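Sequence lines set the chain letters: A, B, ... in the order given, protein chains first and strands last, and positions in each chain run from 1. Being a predicted model, the structure only gives us computed values, none of them experimental.
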Amino acid sequence: MPELPEVETTRRGVEPHCLNQVVRRVIVREARLRWPVPDQLVALLSGQVIEAVQRRAKYLLFRTAAGSLMVHLGMSGSLRLVDATKPPGRHDHIDILFDGGVCLRYHDPRRFGCFLWLAPGDDHPLLRNLGPEPLSSDFDGQLLYRRSRGRKLAVKSFIMDGKVVVGVGNIYANEALFLAGIRPDRAAGRISSARYQHLAENVKLVLTNAIAQGGTTLRDFVGGDGKPGYFAQQLLVYGRGGQPCKTCGSVLQERRLGQRSSVYCVTCQH
DNA sequence: CGCTGACCCTGACGGC
DNA sequence: TGCCGTCAGGGTCAGC
């Protein structure tokens, strides 16, 4: 679920229900996430007003006067708005209850996500060394070109490195490389400026389109159990290893790069 | 410093 | 039916 478009969709979905709301109560049923949920988080967040809901990389930031709640969804996490009377299910680890009976519920079977607290003005180590947002003007082909010189790792691993650019997950790394015609296993340092220009444009394109798609699931955040898969049918390579390339018909190859499955077309990508 | 692989955890799925 | 290995959209960290 949570690639950047899902996180941004989550942000947009929950923001109107959280903004200017008073946190009445916080319930932590399971504190063993990627890092333990801090003991003080409940006390610090309770009674606070949510002044903004922001996103940096794949982190969601709930701003209050006392500090910020920083949430990451990991691999399997989700935040949903539910009625406060709805009983929690398996893996529903945290509830944030607002005045008015709305509950923001965190669900995460694998517990790779996190709930952390940032004091006001705190420069959290997890946010400190992040690269630019992929949809900002700070991210372009020039940046990729400059930062890749001399580097030998696969270009796919390179663009998935959050210190280079944030928010490019496995699905969209595969898709953007296909659209740009670049083989994912090429050494990052041996790709031209012009090709990086093309790649950066396609990263932006693919993420922008996916966020637009995510918008169609916004309603699922209120009450439903929005299960994605809505964009699956328009994926060109991800999850399609062994199937024909939609452009040229060649059988798509699949191999692992940096422990992640990578799919590409030997004819269309070089 | 750059890179690779182990690891965190549960669940789904395919083969036997 | 069950058991076992493999894989999954995240990221950090140790070690070479």
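- Note: CD (A/Gln259) to P (C/dT6) measures 14 Å, nearest angstrom.
- A straight line from CG of A/Leu4 to P of C/dG10 spans 10 Å, rounded to a whole angstrom.
- Nucleotides B/dG11 and C/dG11 place their P atoms 22 Å apart, quoted to the nearest Å.
- Taking every heavy atom of both residues into account, A/Glu3 and A/Asn170 meet most closely at OE2-N, 3.1 Å.
- Taking the six-membered ring where the residue is Trp, A/Tyr59 and A/His72 present perpendicular rings, their angle passing 60° and hence far from 30°.
- The only member of A/Asp123, A/Leu69, A/Leu127 that meets side chain to side chain contact (heavy atoms under 4.5 Å, CB included) when paired with A/Leu118 is A/Leu127.
- Between the C1' atom of C/dG11 and the NZ atom of A/Lys58 lies a distance of 9 Å, rounded to the nearest Å.
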* Mind running salt bridge (charged side-chain N to carboxylate O under 4.0 Å, His left out) on A/Arg63 and A/Glu51 for me, showing each step along the way? => CA-CA 5 Å; A/Arg63 304 292 192 186; A/Glu51 296 174 348; over 6 Å; no
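- Exactly one residue among A/Leu235, A/Val237, A/Leu252, A/Leu236 makes a side chain to side chain contact (heavy atoms under 4.5 Å, CB included) with A/Lys246. That residue is A/Leu236.
- When the side-chain nitrogen and oxygen atoms of A/Tyr238 are compared with OP1 and OP2 of C/dG9, one or more of them lie within a distance under 4.0 Å.
- Taking the six-membered ring where the residue is Trp, the centroids of A/Phe178 and A/Tyr264 are separated by 6.0 Å or more.
- At a cut-off of 3.5 Å, with distance as the only test, a side-chain donor of A/Ser193 or A/Gln142 sits close to an acceptor on the other residue.
- In this entry the distance linking NZ of A/Lys163 with P of C/dG11 reads 11 Å, nearest Å.
- A/Tyr172 places its OH atom 15 Å from the C1' atom of C/dG10, with the value rounded to the nearest Å.
- Protein chain A contacts DNA chain B from B/dC3 to B/dG11, reading 5' to 3' and using non-hydrogen atoms of the protein with a distance under 4.0 Å.
- Comparing A/Arg110 and A/Leu130, the nucleotide of DNA chain C nearest to each residue sits closer to the 5' end for A/Arg110.
- Across the strands present, B/dC9 finds no partner; the criterion is a Watson-Crick or G-U wobble pair with both atom distances under 3.5 angstrom.
- One N or O donor and one acceptor, one from the side chain of A/Arg260 and one from the base of C/dG10, sit under 3.5 Å apart.
- Separating the CE atom of A/Met75 from the C1' atom of C/dG9 is a distance of 6 Å, rounded to the nearest angstrom.
- In this structure, CD1 of A/Ile171 is placed 11 Å from P of C/dA8, rounded to the nearest angstrom.
- Across B/dA6 and C/dT6, the matching P atoms stand 13 Å from one another, rounded to whole Å.
- Across B/dC3 and C/dG9, the matching C1' atoms stand 23 Å from one another, rounded to whole Å.
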